[in-house]
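For reference, the structure discussed in these notes is given below.
Just so it is clear, the structure is predicted and the values come from calculations on it, not from any experiment. Note: hydrogens, waters and symmetry copies are ignored here, and every other heavy atom, side chains too, is used.
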Amino acid sequence: MPSAEIQTFFTWFQSNKGGRGAVALIDIPENHTLFSIPRSLILTTRTSELPPKFGAASWNKFGLHQGWSGLILCLMWEATRGSESKWAPYFDIMPTKFDTPMFWNDEDLAELTGTSVVDKLGKDQAEKDYYEKIVPAIQSRPDIFAKEVLATHYSLDLYHMMGTRVLSRSFTLAEEEIDDEEQHETGEREPRAPESHTHEIVPVEDVGNTSLGSAMDVDEPNHGHEHEHEHDQGEEDGSDSDSDSEGAPEVALVPMADILNARYKTDNVKLFHERDSLRMVSTRPIKAGEQIWNTYGDLPNSDLLRGFGHVDYLPLPHAPGEYGNPGDVVELRADVIVHNSASRERRLTREDMTERIDWWLEEGGDDDPTTQLLTSLSLVLLSFTHLLLLTPSEFTKVTSKGKPPKPKPTPHLLRVLLAALDARARAYPTTLEEDEREVEGTSGGLEAMGVNRRHAVVARMGEKRVLRDVRRCVVEILEGVERREREEAEEVERRKQSGSGATTKRPQSKAEKRKADREEGGGRKRRK
Ligand SMILES: C[S@@+](CC[C@H](N)C(=O)[O-])C[C@H]1O[C@@H](n2cnc3c(N)ncnc32)[C@H](O)[C@@H]1O
């Protein structure tokens, strides 16, 4: 049970307007433990008393060992126990209302058309899990789930509410074997950051990076509250095996650690884990009055909104005068590239596309079958687009080499990309300029809009800005490549006419070659 001081602390937080979070009351030096949480206090399927009561075999039979449904059921059961649950005071201070689009009406959701948010809400999958796993499990054990409380404590609405608590407040803790000898020898272990799930929300060039540091679980909620990735869609029960096996990462609700807010690259603490406890440690000095910031993985606004119900709205370093989330990305689906790539006859079929995406994933390319765009042209995007443009025999050659194609910005590839970007932009009902006019035309601007609409407008404008910037970049490179091609053709023509008869290019000096290479590979310089 939280101590009286912690309870007082929470009450103090809640009585202060403007949202909850933690603010330093005194200067905090770097590497200082702000608080530690005993493992016994974290709420997981291993610490809740429900799974043993239900029985491991039955738990697995109803599929509760996979995905988040088991943990959500634990939360519902623990909450139903009221003061008998050791987490009762924790439940008391948890939010019951959320600004995530899962709870929006159709009118507000329409504001998100074209963004990556809508397709990934996963409300339907959550409902499927509720009806196919939770309801049968509950009905099988009237001794544990009393009939009289089913409607009030185990409803679908509550399932969504508890699922959103998990989504917006949980941490993924890696199950690490801690060497006893090491502990005895050193007496103290170096703190280790809990690993987050290596999720797909990461900008392509940074894949793997955000798994470091404290990690609110911000996994792709493609399917409801479950941990799941797009390429898992075909799985029978719509869940992955995160909590399926020994040593798998564990999704945990961590009281106290989850009161911290996050803002793009502002984090000043990290959660470290040890055998018996988790420790929140400052990673830089924090001045009295400053907010204590955790990190949720520096997510783009579409994912912040989807998982947490807020967006970052900060000055954009690469676009002076504009505001948004510097970590924004926009997703470009492979089929949008393919449909803009060639004549109908030469287009890849869905199976071909899947084969290439699977191969890409296996070969260690970006781990998202969609391609996320950064504000500048990414090499991964070039390479991935190239892969989709290969003829079947070229693809076979590439697979035999086992390496993704070189990210060479050829005019054809750049033109396909340009068409794909334009097609992607048409998925939004409004343009960036129209959104800007909408904000300017609203008396009081963004601030005056309802919270959902404001978040939607900020999220979609962020994606459109990325598209705009990538497009600019592609156009610039294409113009450069085309100019060079023109100059070379003119040079050949000039030589022909001057009677040299030479049709080959004049040998380039090393410096000229380097310059030409630089121009050709312009995208490389520009990536983040
Ligand atoms: C882990 S909780 C953090 C504690 C939360 N403030 C609370 O009162 O329970 C995550 C939630 O905090 C809020 N939040 C976190 N960072 C935020 C930010 N930069 N701006 C607005 N809300 C934020 C969002 O509502 C999010 O769902």
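Looking at heavy atoms from C-beta onward, Q291 lies out of side-chain contact with R263 at the 4.5 angstrom threshold. A 4.5 Å side-chain heavy-atom check between I134 and S69 finds at least one atom pair inside the cut-off. Annotation: side chain of K464 is not in contact with side chain of T431 (no heavy-atom distance under 4.5 Å). Considering only heavy atoms from C-beta on, L478 stays 4.5 Å or farther from L417 through its side chain. Under the 4.5 Å side-chain criterion, counting only non-hydrogen atoms from C-beta, F98 is not in contact with L167. Two residues are said to be in side-chain contact when any heavy atoms from C-beta on lie closer than 4.5 Å; W360 and L388 fail this criterion. You'll find the side chain of R356 reaches within 4.5 Å of the side chain of L390, heavy atoms only. The shortest distance between side-chain heavy atoms of P326 and K265 does not fall below 4.5 Å.
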Checklist entry - side chain to side chain contact (heavy atoms under 4.5 Å, CB included) between Y90 and D258: does it pass, once the steps are laid out? => result CA-CA 11 Å; Y90 181 42; D258 65 359; 2.4 Å; yes
Checklist entry - Passes salt bridge (Lys or Arg N to Asp or Glu O under 4.0 Å), R415 versus E482? Steps please. => result CA-CA 11 Å; R415 279 184 210 117; E482 285 177 338; 2.7 Å; yes
Next on the checklist: Please determine whether side chain to side chain contact (heavy atoms under 4.5 Å, CB included) holds for the pair E436 and L432, giving the CA-CA distance in whole Å, both sets of side-chain angles, and the decisive distance to 0.1 Å.
Outcome noted: CA-CA 6 Å; E436 281 164 352; L432 179 58; 3.9 Å; yes
Checklist entry - Passes side chain to side chain contact (heavy atoms under 4.5 Å, CB included), W359 versus V398? Steps please. => result CA-CA 10 Å; W359 178 81; V398 162; 3.4 Å; yes
Next on the checklist: Between E351 and E355, does the side chain to side chain contact (heavy atoms under 4.5 Å, CB included) criterion hold? Intermediate values first, please.
Outcome noted: CA-CA 6 Å; E351 291 70 41; E355 184 191 359; over 6 Å; no
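Sequence neighbours left out, the pairs with a member in residues 108-117 that pass salt bridge (Lys or Arg N to Asp or Glu O under 4.0 Å) are E111-R453, E111-R460.
Nearest heavy-atom pair, L34 versus S282, reported as atom, atom and distance to 0.1 Å: CD1-N, 3.6 Å. Across all their heavy atoms, H160 and A126 have their closest contact at CE1-CB, 3.7 Å. Scanning all heavy atoms of the two residues, the minimum distance from P300 to G327 falls at CB-O, 3.5 Å. Between A423 and V336, the closest heavy-atom pair is CB-CG1, 3.9 Å. The two atoms that bring M162 and M76 nearest to each other are CG-CG, 3.8 Å, heavy atoms only. Minimum heavy-atom separation, V117 to P101: CG1-CG, 3.8 Å.
Checked by atom type and distance alone, the side chain of N268 never pairs as donor or acceptor with a backbone atom of N294 at under 3.5 Å. The closest donor-acceptor contact from the side chain of N301 to the backbone of D328 lies at 3.5 Å or more, if one exists at all. Between the side chain of R165 and the backbone N or O of P95 there is at least one donor-acceptor pair closer than 3.5 Å. Counting only distance, with no hydrogens or angles, the side chain of R424 and the backbone of G114 share a donor-acceptor pair below 3.5 Å. A donor-acceptor pair is defined here as one N or O able to donate and one able to accept, closer than 3.5 Å; no such pair exists between the side chain of H386 and the backbone of K408. With T266 contributing its side chain and Y264 its backbone, the two residues share a donor-acceptor pair below 3.5 Å. Side-chain atoms of S155 come within 3.5 Å of backbone atoms of L158 as a donor-acceptor pair (strictly under, hydrogens ignored). Panel note: side chain S170, backbone V251; no donor-acceptor pair is recorded below 3.5 Å. Looking only at distances, no side-chain donor or acceptor of K120 sits under 3.5 Å from a matching main-chain atom of R306. Under the 3.5 Å distance criterion, the side-chain polar atoms of T399 are matched with a main-chain donor or acceptor of T396.
Between L413 atom CG and L382 atom CG the span is 6.0 Å, to the nearest 0.5 Å. Taking CZ of R426 as the start and CG of L421 as the end, the distance is 10.5 Å to the nearest 0.5 Å. Distance check, rounded to the nearest 0.5 Å: CG of D267 to CD1 of I292 gives 12.5 Å. For the atom pair CG (D99) and OG1 (T164), the distance works out to 11.0 Å, reported to the nearest 0.5 Å. Annotation: the span from M161 atom CE to L75 atom CG amounts to 9.0 Å, rounded to 0.5 Å. Between the OG1 atom in T45 and the CD1 atom in I72 there is a gap of 11.5 Å [rounded to 0.5 Å].
Between the side chains of Y159 and E127, not a single donor N or O lies within less than 3.5 Å of an accepting N or O. Defined by atom type and a distance below 3.5 Å, a donor-acceptor pair is present between the side-chain atoms of E463 and S116. A donor-acceptor pair shorter than 3.5 Å can be found between the side chains of D435 and T430. In summary, the side chains of K270 and T283 do not present any donor paired with an acceptor at a separation below 3.5 Å, with no hydrogens or angles considered. Donor-acceptor pairing under 3.5 Å is recorded for the side chains of E394 and T391.
At a threshold of 4.0 Å, the pair E479-R484 does not count as salt-bridged, since none of the basic side-chain nitrogens sits closer than that to a carboxylate oxygen.
With sequence neighbours left out, D312 forms a side-chain hydrogen bond (donor to acceptor under 3.5 Å, both in side chains) with no residue at all. Listed by chain and number, the residues in a side chain to side chain contact (heavy atoms under 4.5 Å, CB included) with K287 are D27, E290 (sequence neighbours excluded). Looking at residues two or more places apart in sequence or on another chain, you find a ring-ring contact (aromatic ring centres under 6.0 Å, His included) between Y313 and Y323. In this structure R468 satisfies the side-chain hydrogen bond (donor to acceptor under 3.5 Å, both in side chains) test together with E322, sequence neighbours excluded. Residues forming a ring-ring contact (aromatic ring centres under 6.0 Å, His included) with Y131 (at least two apart in sequence, or on another chain): none.
The aromatic rings of Y296 and F308 lie parallel to each other, their planes meeting at an angle below 30°, with 60° marking the opposite boundary.
Surrounding CD of E107 are at most 12 heavy atoms belonging to other residues, nucleotides or ligands under 6.0 Å away.
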